[in-house]
Structure formats: C-alpha cells, structure tokens
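Take a look at the structure set out below.
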Amino acid sequence: MGWTKLNFDGSRNDATGAASIGGAFRDHEGAFVAGYAERMIGGGASSFTAELAARRRGLELAARYGWRRVWAEGDSRAVVDVVHGVRSEEDRRQCGEIAALLPALDGVAVSHLCRDENKVAHGFAKLGHKARRS
C-alpha cells in the first residue's frame with residue numbers, strides 16, 4: 001500500500017545502433033497507471049546505457065507525478081545492482097542523474113526480474129524506437 005511499481009527496460013537495435021527506453025507504472029494493486037516509450041537521442045548507446053536511461057526516466061516521471069515511494073524492477077541484473085565500476089561517461093552521467101533523483105522520493109526499492117516477467121516494459125521500450133523526438 002502506498003508504493004508505485006515501475007517496470008523499466010531498454011532496447012538496442014544491433015543493426016542500426018539505435019536505442020530506446022520504456023516502462024510501465026502500476027499501483028499497489030497491480031493496476032496500470034501510466035507508461036512511457038522514448039527513442040534515445042544519438043546513436044551508439046549500449047544496452048546497459050539504455051537500461052540505465054529507462055530507470056532514470058522512470059524515476060524522473062515518478063518524482064514529477066508525486067509517486068513518492070517507488071519499487072523499480074528491471075530485467076538487467078547489472079543495472080539493478082549497479083553501485084560502482086561504471087565504465088563509460090554516459091553511464092556515469094545516467095547513474096549521477098539517478099542519484100540526484102533519489103532525494104525527491106520518499107523511498108526507492110530496486111529488484112531484478114526475469115525477462116518473461118517484464119513484457120510490458122519491454123514492449124514500451126520497443127515502441128520507443130518508433131517514437132518521435134521533439
């Protein structure tokens with residue numbers, strides 16, 4: 001009760017190098033609240049970077065809409081467990097932005113789940129490849 005569930009996912013098209021992100025929010029009873037799907041600007045983002053960006057964007061939206069207690073789940077164990085050892089400049093930037101969002105929320109829990117359990121977020125991430133950027 002009082003928690004909003006965020007399932008996040010990143011997608012990378014190996015043929016084009018394009019990456020996109022997506023996620024889904026549910027209330028404490030599992031009812032769908034909102035979703036997001038976005039194409040990442042620029043090419044060459046790794047799958048790891050896309051997963052980080054999906055997590056960051058989900059937390060940004062939670063803070064914006066006043067969902068103060070967020071349980072975030074993703075299917076990349078590395079992104080769920082990331083604490084240090086981030087390699088690329090872009091990944092460090094994503095981690096820094098995630099850390100900056102945490103004070104805007106009253107609680108954040110993060111856990112890993114299998115790809116089969118993350119189908120809705122994965123669908124939004126794939127949809128992000130088709131999204132227009134303004």
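Closest of all the heavy-atom pairs between Met40 and Ala53 is CE-CB, 3.9 Å. Between Ala104 and Ala63, the shortest heavy-atom contact is CB-CB, 4.0 Å. Of all heavy-atom pairs spanning Ala24 and Phe32, the tightest one is CB-CE1, 4.1 Å. Heavy atoms only, all atoms of each residue included: Ala109 and Trp3 are closest at N-CZ3, 4.0 Å. Between Gly23 and Ala121 the shortest heavy-atom distance is CA-CB, 4.1 Å. Contact between Leu6 and Leu59 at its shortest, heavy atoms only, is CD2-N, 4.1 Å.
Note on Tyr65 and Ile98: same hydrophobic cluster, where clusters join Ile, Leu, Val, Met, Phe, Trp and Tyr whose side-chain heavy atoms are under 4.5 Å apart, directly or indirectly.
To the nearest 0.5 Å, atoms CG (Asp9) and OG (Ser20) are separated by 8.5 Å. Between the CZ atom of Arg115 and the OG atom of Ser76 there is a distance of 9.0 Å, given to the nearest 0.5 Å.
With Tyr36 contributing its side chain and Ala54 its backbone, the two residues share a donor-acceptor pair below 3.5 Å. For Arg12 (side chain) and Ala45 (main-chain N/O), a donor-acceptor pair under 3.5 Å exists by modelled atom type. Judged purely by atom type and a 3.5 angstrom limit, Glu117 uses its side chain to pair as donor or acceptor with the backbone of Cys114. Distance alone, capped at 3.5 Å, is enough to place a donor-acceptor pair between the Asn13 side chain and the Thr16 backbone.
Considering only heavy atoms from C-beta on, Glu51 comes within 4.5 Å of Asp75 through its side chain. The shortest side-chain heavy-atom distance between Ile21 and Ser11 does not fall under the 4.5 Å cut-off. Counting heavy atoms from C-beta outward, Asp27 and Thr4 have side chains that stay 4.5 Å or more apart. With a 4.5 Å cut-off on side-chain heavy atoms, His122 and Asn7 do not count as touching. The shortest side-chain heavy-atom distance between Val110 and Glu73 does not fall under the 4.5 Å cut-off. When side chains are defined from C-beta on, Glu90 does not count as touching Leu52, because their heavy atoms never get closer than 4.5 Å.
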Checklist entry - Could you walk me through whether Glu38 and Arg57 pass the side-chain contact (heavy atoms from CB on, under 4.5 Å) check? => result CA-CA 9 Å; Glu38 300 176 14; Arg57 184 64 172 140; 2.6 Å; yes
Next on the checklist: Is there a side-chain contact (heavy atoms from CB on, under 4.5 Å) between Val120 and Arg26? Walk through the geometry before answering.
Outcome noted: CA-CA 11 Å; Val120 174; Arg26 293 183 179 84; 3.3 Å; yes
Checklist entry - Which is it for Leu102 and Val108 under the side-chain contact (heavy atoms from CB on, under 4.5 Å) test, yes or no, and what are the steps along the way? => result CA-CA 7 Å; Leu102 297 180; Val108 175; 3.8 Å; yes
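A 6.0 Å sphere centred on CH2 of Trp71 holds no more than 12 heavy atoms belonging to other residues, nucleotides or ligands.
Salt bridge status for Glu60 with Arg56: present, with a side-chain N to carboxylate O gap under 4.0 Å.
The aromatic rings of Phe25 and Trp67 lie tilted to each other, with the angle between the two planes from 30° to 60°.
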